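Here the structure is a predicted model, which is why all the values come from computation and not from measurement.
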Amino acid sequence: MKIFRDNIKFSFETRKLWWFTATSRTRARFARTALGSFWLGFSNLLSITTLGIVYGTVFSVTDFNSYLIYLGIGLVVWNAICSSISSAPILFINNRSNIQNLKLKPIFYVFEEWAFQVQTFFQSFVLVFLVLLFFNKSLFYNLIVSSWIPFVNLFIFLFWFPLIIALISLRFSDFAQLVPIVLQLIFLISPILYRKESLGDLNWITNINFFYILIDSLRYSLITSNVNYLSQFLILIINIVGLILSLLILHFQAKKIPFLV
């Protein structure tokens, strides 16, 4: 318990610093652009529109408005998951100089990366969500009433799972090369661009695809205002176990990280 208490205390005491450095990264990313972080949402809207037209035609979608909402929410959430995991293998390597020269605990850089990913997600999600409201105004009510539990589960997952990927990649460099390949495969077998029913006899895959379960639970709550509380409770348990496991691994590897980066 002392491990978690110390990490929580340190993270709370430095919260303004890691949140500020994460915000600074976002500002620096769009420093010379006229639209700034608006590009995050705009690029997602462009992708959603293009993919919606193409796959809506391929799958002969009859209700295009509903499909666009289904696709839009799914794609934004997937992009957040994919971005967090894709950047995880080089999380500590990118902070090599600070890790080796400053006395900040490694968890500081984990929180900084998590904050950056959460900020990026919201900057993208807000614009996409506002556009989707034109197709279904009840989305706003559903967001306030029903979606906060799936959001919490998503944000916890975006912390612990990339952390485990980052720690494994420190030990095994080849593992980092597998990450984008596996993500691409998961994206293809996840009903994000298409409905679950399109998988036919293979739809059992979605029951063991934790990434899709996270996406679908959030998307389902936003579209229908219904929440499967039993499912959300089970996801929360998995998240808590993953969070504890990731922090334990980080604790035992903390002293070795400066020599591994």
Side-chain angles (χ1 to χ4, degrees), residues 26 29-30 33 35-88 117-140 142-143 147 150-151 154-155 157-158 161-162 179-225:
T26 302
R29 184 179 178 182
F30 301 101
T33 62
L35 299 180
S37 59
F38 174 82
W39 280 109
L40 290 169
F42 181 74
S43 61
N44 272 276
L45 282 175
L46 185 61
S47 298
I48 292 167
T49 303
T50 304
L51 292 173
I53 294 173
V54 173
Y55 284 92
T57 303
V58 170
F59 293 111
S60 302
V61 173
T62 55
D63 188 350
F64 183 76
N65 288 357
S66 296
Y67 175 69
L68 200 63
I69 295 172
Y70 175 90
L71 172 64
I73 297 172
L75 202 59
V76 171
V77 179
W78 166 259
N79 286 341
I81 294 174
C82 185
S83 176
S84 296
I85 297 174
S86 296
S87 62
Q117 296 296 340
V118 169
Q119 290 174 17
T120 300
F121 168 73
F122 273 117
Q123 288 168 338
S124 175
F125 177 80
V126 168
L127 182 58
V128 171
F129 186 77
L130 289 175
V131 172
L132 294 180
L133 280 176
F134 286 99
F135 300 96
N136 185 353
K137 291 182 175 57
S138 64
L139 289 175
F140 183 76
N142 299 343
L143 172 67
S147 298
F151 267 115
L154 173 65
F155 294 145
F157 176 79
L158 292 181
F161 192 79
V179 171
I181 299 173
V182 174
L183 283 174
Q184 184 64 32
L185 292 175
I186 293 175
F187 177 72
L188 292 174
I189 64 173
S190 300
I192 298 173
L193 301 178
Y194 52 88
R195 301 282 185 178
K196 180 179 178 179
E197 294 73 22
S198 299
L199 287 172
D201 295 336
L202 294 176
N203 61 17
W204 59 268
I205 295 175
T206 61
N207 297 325
I208 60 173
N209 184 345
F210 193 68
F211 291 4
Y212 172 72
I213 293 173
L214 283 170
I215 295 170
D216 190 57
S217 61
L218 178 54
R219 178 166 57 188
Y220 183 73
S221 67
L222 280 171
I223 294 176
T224 68
S225 187

Euclidean distance, L143 CG relative to L133 CG, rounded to 0.5 Å: 8.5 Å
Nearest heavy atoms of S124 and V76, plus distance in Å: OG-CG1, 4.2 Å
Y70 side chain to Y194 backbone, donor-acceptor under 3.5 Å: yes
Heavy-atom closest contact (A80 atom, Q117 atom, distance): O-OE1, 4.5 Å
Ring pair (Phe, Tyr, Trp, His ring centres under 6.0 Å) partners for F64, two or more places apart: none
side-chain contact (heavy atoms from CB on, under 4.5 Å) partners of S225, counting only residues at least two apart: Y141, N142, S146
By side-chain hydrogen bond (donor to acceptor under 3.5 Å, both in side chains) - contacts of Q119 (at least two apart): T23
Backbone N/O of S43 and side chain of S47: donor-acceptor pair under 3.5 Å: yes
Euclidean distance, I208 CD1 relative to I213 CD1, rounded to 0.5 Å: 9.0 Å
Shortest non-hydrogen contact between I48 and V128, atoms and distance: CD1-CG1, 3.7 Å
N/O donor-acceptor pair under 3.5 Å between S221 side chain and L218 backbone: yes
side-chain hydrogen bond (donor to acceptor under 3.5 Å, both in side chains) partners for N136, two or more places apart: S138
Donor-acceptor contact present, side-chain Y67 to main-chain L193, <3.5 Å: yes
Aromatic ring proximity, centroids under 6.0 angstrom, F210 and F157: yes
For S66, all residues meeting side-chain hydrogen bond (donor to acceptor under 3.5 Å, both in side chains), sequence neighbours excluded: D63
Side chain proximity check, L130 to V126, heavy atoms < 4.5 angstrom: yes
Steps toward side-chain contact (heavy atoms from CB on, under 4.5 Å) verdict (Y55, L71): CA-CA 10 Å; Y55 284 92; L71 172 64; 6.0 Å; no
Nearest-0.5 Å distance, CG of residue L68 to CG of residue L51: 10.5 Å
Parallel, tilted or perpendicular: ring planes of F211 versus W78, cut at 30 and 60 degrees: tilted
Distance in Å, N207 CG paired with K196 NZ, rounded so as to fall on 0.5 Å steps: 5.0 Å
Any donor-acceptor N or O pair under 3.5 Å, side chains D216, Y220: no
Show every donor-acceptor pair shorter than 3.5 Å between a side-chain atom in residues 179-190 and any protein atom, with sequence neighbours excluded, or say none if there are none.
from: S190; atom 1: OG; to: I186; atom 2: O; distance (Å): 2.5
from: S190; atom 1: OG; to: N209; atom 2: ND2; distance (Å): 2.7

Aromatic ring pairing F122/F155, orientation class (parallel under 30°, perpendicular over 60°, tilted between): tilted
Approximate separation, where rounding is to 0.5 Å, of I69 CD1 and L222 CG: 10.0 Å
Non-hydrogen atoms of L158 and S84 that approach each other most closely: CD2-OG, 3.6 Å
Expected output: side-chain S217 to main-chain L214 donor-acceptor under 3.5 Å: yes
Rounded distance [0.5 Å steps], CZ in R219 versus OH in Y212: 5.5 Å
